Amino acid sequence: MAPPEPEAERLSGESELPFVPRRPTLGQRVLRTMRKSPATAWGLTVVVALIAMALLAPVIAPFDPYGTDPRASLQPPSGQHWFGTGIFGEDILSRVIYGARRDLVIALGAVSIALVSGCLLGAVAGYWEGPLGEVIMRIVELLQAFPAFILAMAVAGALGPSFRNLIIAIAITNVPIYAHLMRVSILSNKQNDYAMAAIAIGGSSWRVLLRHLLPNSLGPIFIQSTLQPGYAILTAAGLSFIGLGVRIPEPEWGLMVAMGSPRIISGEWWISFFPGLFIIIAVMGFNLIGDGLQDIFDPQRR
């Protein structure tokens, strides 16, 4: 008979378990992405700075954005007016700072409306694949058949130029994006075991959709929603440039570019340059954040 195994050796043998690497948390993945991608960190910094500028506009703006001074009309950048003055003597820097408020509200408002509307339409069309789903998707595809900017022009022209109508016009152009993404996610997740089990135990259709399917289908939607504010700012600037957005004297970047564009030939470049520069910076910031989130949430890219 073999001698009994020593107690210490037996316990040490039982304690040897295979090493299972711990899955990194969301916060760890975010920090890792920031370290590996300085561009993503720069994009986040830019967007946070723009939001802070918009919130602190009454504190940091040196002049009244609606104030005019004909005696200071068309002055180049100087120590008193860092970004120069406009046609009516308005301070360009103050209007750019307050313009961040308008453009961020337009972008975030339009994206929020499109996200909620598109997700609801896509979820219903994906869960109920019969006539109801077909009707919804045909309407969505009809909207998608038009170029986005042309559709936004048509909606803004029909509703009339105003701050509210500009948000509605941009939101309508973004609804098909979220509707298609949500429909594909619902169709995929509907075949998973947890969804089949929820249906088997007698869960109502709306309960299964809202409680089980919808929360598990928001990953691609969340990533897309970080990219859309940049495009929304570009669309808002374009509509305001052609007179279908907000009206004078509202401080909005696209409108400011439109007001200064006739003066570029005569040498007053600063009227359009600085608001145009901030449009570029804002769009780049949101796009870089979207790329970083794809690195965090997309397993293939990780």
Side-chain angles (χ1 to χ4, degrees), residues 95 98-126 131-184 220-221 223-262 264 272 275-276 278-280 282-287 290:
R95 290 181 63 80
Y98 273 86
R101 283 188 165 189
R102 297 292 186 273
D103 282 272
L104 289 178
V105 169
I106 290 171
L108 299 179
V111 170
S112 299
I113 294 173
L115 188 150
V116 173
S117 304
C119 286
L120 180 60
L121 293 174
V124 171
L132 177 60
E134 289 296 323
V135 170
I136 291 175
M137 294 313 298
R138 296 297 82 77
I139 295 174
V140 170
E141 289 172 359
L142 178 63
L143 293 176
Q144 204 170 21
F146 295 92
F149 190 75
I150 301 300
L151 179 61
M153 286 176 55
V155 176
L159 297 178
S162 71
F163 184 75
R164 182 193 64 185
N165 294 341
L166 182 60
I167 294 176
I168 295 173
I170 298 173
I172 291 175
T173 63
N174 289 325
V175 166
I177 299 173
Y178 296 107
H180 278 289
L181 283 175
M182 179 56 69
R183 180 176 178 270
V184 171
I221 303 295
I223 295 174
Q224 185 66 35
S225 65
T226 61
L227 294 170
Q228 291 306 115
Y231 297 113
I233 290 175
L234 279 178
T235 305
L239 291 175
S240 295
F241 186 87
I242 62 177
L244 293 176
V246 298
R247 293 182 172 180
I248 298 175
E250 290 295 326
E252 195 276 328
W253 292 337
L255 180 61
M256 295 172 66
V257 172
M259 291 175 63
S261 58
I264 295 177
S272 294
F278 273 79
I279 292 174
I280 295 172
V283 173
M284 288 181 60
F286 280 111
N287 287 349

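Just so we're clear, the structure is a prediction, and the values are computed from it rather than from any experiment.
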What is the minimum heavy-atom distance between [X] and [Y], and which atoms define it?
X      : Y      : answer
Ser261 : Ser272 : N-OG, 2.9 Å
Arg95  : Glu250 : NH2-O, 3.2 Å
Leu166 : Ser240 : CD2-OG, 4.1 Å

Handout entry: Atom pair CD1 (Ile279) and CE (Met256), whose distance is rounded to the nearest 0.5 Å
Key =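 The distance works out to 9.5 Å.
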Practice task
Find the distance between CD1 (Ile170) and CD1 (Ile233) and round it off to the nearest 0.5 Å.
Solution key: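 It is 9.5 Å, given to the nearest 0.5 Å.
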Practice task
Could you go through the side-chain contact (heavy atoms from CB on, under 4.5 Å) check for Val140 and Tyr178 one step at a time?
Solution key: CA-CA 10 Å; Val140 170; Tyr178 296 107; over 6 Å; no
Practice task
Given side-chain contact (heavy atoms from CB on, under 4.5 Å), test Ile177 with Gln228 step by step and report yes or no.
Solution key: CA-CA 10 Å; Ile177 299 173; Gln228 291 306 115; 3.7 Å; yes
Quick one, [X] and [Y] - any side-chain contact, counting heavy atoms below 4.5 Å?
X      : Y      : answer
Phe163 : Val105 : yes
Thr235 : Phe149 : yes
Ile168 : Ile172 : yes
Phe278 : Asp103 : no

Handout entry: Donor-acceptor contact present, side-chain Asn165 to main-chain Leu159, <3.5 Å
Key =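 Judged by distance alone, yes, a pair lies under 3.5 Å.
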